[in-house]
Amino acid sequence: MKIVNIEPGHYEQLAVIYLEGIATGHATFQTTAPGWTAWDESHLPHSRLAAFIDKEMSGWAALSPVSSRCVYAGVGEVSIYIAADFRGKGIGKALLKALITESEAHGLWTLQSGVFPENTASIKLHEDCGFRQIGYREKIGKMAGVWRDNILLERRSKTVGL
């Protein structure tokens, strides 16, 4: 496996993986994958990683800002998606660890992630990488007319922002 920075040319494969995550019904409130420009504008310019096995993208991880306020400049929201054929093979852990390293290299002190309680694999992945559950957001949003809960996880850097 090779982990590289996401480039615009990777977006077609990234969108396919994103749509596979959407199809599970437990990855995101989103119902469609945005185009490259919208995706690019909604994520930080750094800390965008893709895992490849041979020439096939097996997963991706990226950070979004949590706020436009300058006091939150060191806080990023994690997105991580693994292709259906590659789930359960350690790719998520490798990507999330690399994302943590990349985020700290860019001065981020806190990473957070909102995960549906049904997505137990994602919760375990985050916890295995040093995230802790800090909250439970009941009925935070509707999906297909049904209220969904969300578990808020957070990882505080041990090297940045001390």
Could you tell me whether the side chain of S42 and the main chain of W39 form a donor-acceptor pair under 3.5 Å? yes

Would you call the rings of F131 and H126 parallel, tilted or perpendicular, where under 30° means parallel and over 60° means perpendicular? perpendicular

Min side-chain heavy-atom separation E7-R48 under 4.5 Å: no

Do K139 and R148 come within less than 4.5 Å of each other through their side chains, counting heavy atoms only? no

Any side-chain heavy-atom pair from V115 and N150 closer than 4.5 angstrom? no

Pairwise side-chain contact, V75 with W109, heavy-atom cut-off 4.5 Å (strictly under): yes

Check whether the side chains of Q112 and E77 place a donor and an acceptor atom closer than 3.5 Å, and report yes or no. yes

Is it true that a side-chain atom of S103 and a backbone atom of L108 form a donor plus acceptor pair closer than 3.5 Å? no

Between the CD1 atom in I91 and the CG atom in L125, the distance rounded to the nearest 0.5 Å is 11.5 Å

Verify whether one side chain among Q133 and E127 offers a donor that lies under 3.5 Å from an acceptor in the other. yes

Here the gap from L111 atom CG to L63 atom CG, rounded to the nearest 0.5 Å, amounts to 5.5 Å

Are F29 and F116 an aromatic pair by the rule of ring centers under 6.0 Å? yes

Using a strict 4.0 Å threshold on nitrogen-to-oxygen distance, state whether R155 and E104 make a salt bridge. yes

Verify, without hydrogens or angle tests, whether E20 (side chain) and A84 (backbone) share a donor-acceptor contact under 3.5 angstrom. yes

Do you know which two heavy atoms are closest between D149 and I140, and how far apart they sit? C-CG2, 4.4 Å

